[in-house]
Amino acid sequence: MSKFDLTGRKALVTGGARGLGEGMAKALAAAGASVMIGDVLASLGRDVAGALSAGGAKAGFVQLDVTKEDDWLGAVKATVDTLGGFDILINNAGIEITALVADIDAVELGRMLDVNIVGTALGLKHAFRAMRPGGAAGQGGAVVNISSVAATIAFPAIAGYSATKSAVDRLTRVAAMEAGKLGYGVRVNCIYPGLVPTEMGMKLAADMVTLGLWPSAEAAVGDVIGLTPLGRLGEVSDMADAVVFLASDASRFITGAGLPVDGGMGM
Ligand SMILES: NC(=O)c1ccc[n+]([C@@H]2O[C@H](COP(=O)([O-])OP(=O)(O)OC[C@H]3O[C@@H](n4cnc5c(N)ncnc54)[C@H](O)[C@@H]3O)[C@@H](O)[C@H]2O)c1
């Protein structure tokens, strides 16, 4: 059982079909929440929802491309209809396309801006509309955005990605300010994960070799560990536990905060 109780809460996790989002969805369910998985990967997303249901949680899957306004309207409706409410949003969906600054491709950068910034902003918009007084759910809640250690350090070949994650940080602060001042009853925070060997994390290490920046993925990972005071890579559960904390009442007086979950790499 989780240290932080989410019994009766209703959560939507974007990008919940695999990687960090899958782990976050499982941790939220273990803490007692009902969980909707929203992702573009329907088959994997349904599998995760099925596993949550098999474990005793109320769960479902909804097709959600976070860059599309209509998808957000459908995802919020599906969450409220399936789970009976909506009071936690984990804005986790994201992509990373590696490039040296001298090789940035406008189309690829635009895609990252779209998913990581527009997707997060639309999530905040639709969560606020649903959770604030008079909204479809109307009970307030908590939003956790997933930024990155990339927003706090300089690492080669991820300038565009780092910019999008810095934007997630700023979106978090202003959204938290508005939600507090306007009486929405919604807290907004973000975490900055360190490198975790998910598909995205391992591809990033491989890209460093392709670009000639490190001789091998193992050497790149070794150097990241060397930059990390706690001396290891992040694990999915490290990020999931931080998200559960920020979604729970244990963090009830915390809003507009960015929590590094990076073993000290970004300090
Ligand atoms: N893995 C890391 O080292 C690391 C470190 C810091 C931050 N992050 C961030 O954590 C989040 C999750 O990363 P991950 O490592 O699990 O990546 P991942 O690639 O393993 O999973 C990302 C998930 O997001 C989904 N997704 C992508 N585009 C989407 C869209 N337009 N709409 C809906 N879903 C979409 C994918 O289908 C996938 O299920 C991302 O925001 C990432 O930037 C990851």
Side-chain angles (χ1 to χ4, degrees), residues 12-27 36-49 61-72 74-75 78 89-98 108 110-123 126 144-153 155 158 160-169 171-172 190-208 217 220-221 224-225 227-228 232-240 242-243 258-263 265-266:
L12 169 62
V13 181
T14 74
R18 72 178 191 206
L20 298 187
E22 177 183 0
M24 290 165 186
K26 288 181 171 163
M36 205 72 186
I37 305 292
D39 207 297
V40 288
L41 300 175
S43 174
L44 282 181
R46 285 203 179 87
D47 288 350
V48 174
F61 170 79
V62 62
Q63 186 76 32
L64 169 63
D65 178 338
V66 294
T67 68
K68 298 201 168 120
E69 191 103 44
D70 283 352
D71 280 18
W72 272 108
L89 171 66
I90 312 300
N91 250 333
N92 163 77
I95 59 171
E96 188 280 319
I97 305 171
T98 312
E108 291 186 340
R111 252 185 75 215
M112 270 197 296
L113 300 182
D114 218 18
V115 177
N116 298 356
I117 304 180
V118 177
T120 300
L122 289 180
H126 290 284
V144 184
N145 296 326
I146 310 304
S147 178
S148 170
V149 69
T152 67
I153 58 164
F155 200 79
I158 55 169
Y161 176 74
S162 302
T164 68
K165 291 300 183 174
S166 294
V168 170
D169 171 298
L171 282 169
T172 301
C190 71
I191 66 168
Y192 314 97
L195 183 65
V196 184
T198 59
E199 290 204 23
M200 180 188 290
M202 292 322 291
K203 182 174 177 304
L204 179 61
D207 288 346
M208 294 299 140
V221 166
V224 168
I225 292 172
L227 290 169
T228 306
R232 64 168 173 85
L233 291 184
E235 294 173 3
V236 174
S237 64
D238 298 327
M239 309 311 147
V243 160
L259 180 63
V261 192
D262 62 358
M265 186 185 182

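These numbers come from a predicted model, not from an experiment. One-based numbering, in listed order, for ligands and for the atoms of each. Note that the numbering runs from 1 along the sequence shown for the chain.
- Close approach of ligand 1 to G15 is summarised as follows: ligand atoms under 4.0 Å from at least one heavy atom of the residue are 23 (C), 24 (O), 25 (C), 39 (O).
- For ligand 1, the atoms lying closer than 4.0 Å to a non-hydrogen atom of L41 are 37 (O), 39 (O).
- Distance check: I95 CD1 to L113 CG gives 9.0 Å after rounding to the nearest 0.5 Å.
- Remark: ligand 1 and S148 share no N or O pair separated by less than 3.5 Å (distance only, no angle test).
- When hydrogens are left out, the protein atom nearest atom 1 (N) of ligand 1 is T198 OG1, 3.0 Å; that is the closest non-hydrogen contact.
- Near G194, with a cut-off below 4.0 Å to any heavy atom, the atoms of ligand 1 are 3 (O), 5 (C).
- With no hydrogens or angles considered, no side-chain donor-acceptor pair links T120 and N145 at under 3.5 Å.
- Comparing A93, G234, A151 by heavy-atom distance to atom 34 (N) of ligand 1, the nearest is A93.
- At a 4.0 Å heavy-atom cut-off, ligand 1 does not touch M239 at all.
- For ligand 1, none of its N or O atoms has an N or O atom of T67 under 3.5 Å away.
- The nearest heavy-atom contact from the protein to atom 16 (O) of ligand 1 is L20 N, 2.8 Å.
- Among all non-hydrogen protein atoms, the one lying nearest atom 21 (O) of ligand 1 is R18 NE, 3.5 Å.
- An N or O contact shorter than 3.5 Å links V196 to ligand 1 by distance.
- Within the set V13, V236, V66, the minimum heavy-atom distance to atom 30 (C) of ligand 1 is found for V66.
- The closest approach between a heavy atom of E96 and any atom of ligand 1 is not below 4.0 Å.
- Within the structure, salt bridge (Lys or Arg N to Asp or Glu O under 4.0 Å) pairs that include any residue of residues 195-207 comprise R18-E199, K203-D207 (at least two apart or interchain).
- Side-chain contact check for N116 and Y161: no donor-acceptor pair (N or O, by modelled atom type) lies under 3.5 Å.
- Distance from atom 22 (C) of ligand 1 to its nearest protein heavy atom, with residue and atom name: G94 O, 4.0 Å.
- Ligand-side atoms of ligand 1 in range of S147: 7 (C), range being under 4.0 angstrom from any heavy atom.
- Atom 39 (O) of ligand 1 has D39 OD2, 2.7 Å as its closest protein atom, hydrogens excluded (heavy atom only).
- With hydrogens left out, the protein atom closest to atom 41 (O) of ligand 1 is N92 O, 2.7 Å, a heavy atom.
- Every atom of ligand 1 is numbered from 1 in the order shown, and the set under 4.0 Å from a heavy atom of L64 is 32 (N), 33 (C).
- When atom types are taken as modelled, the side chain of Q63 and the backbone of G38 share no donor-acceptor pair closer than 3.5 angstrom.
- Protein heavy atom nearest atom 8 (N) of ligand 1, with residue, atom name and distance: Y161 OH, 3.5 Å.
- Remark: ligand 1 and I146 share no N or O pair separated by less than 3.5 Å (distance only, no angle test).
- Under 4.0 angstrom from ligand 1, the non-hydrogen atoms of L195 come from both its backbone and its side chain.
- Formation of a donor-acceptor pair under 3.5 Å by the S148 side chain with backbone atoms of A151 is not found in this model.
- Taking D238 as the reference, R232 meet the salt bridge (Lys or Arg N to Asp or Glu O under 4.0 Å) condition, with sequence neighbours excluded.
- Given atom 13 (O) of ligand 1, the protein heavy atom at minimum distance is M200 CE, 3.9 Å.
- The distance from ligand 1 to the heavy atoms of D65 drops below 4.0 Å at these ligand atoms: 30 (C), 31 (N), 32 (N).
- With rounding to the nearest 0.5 Å, the separation of CG in N92 from CG in D39 is 8.5 Å.
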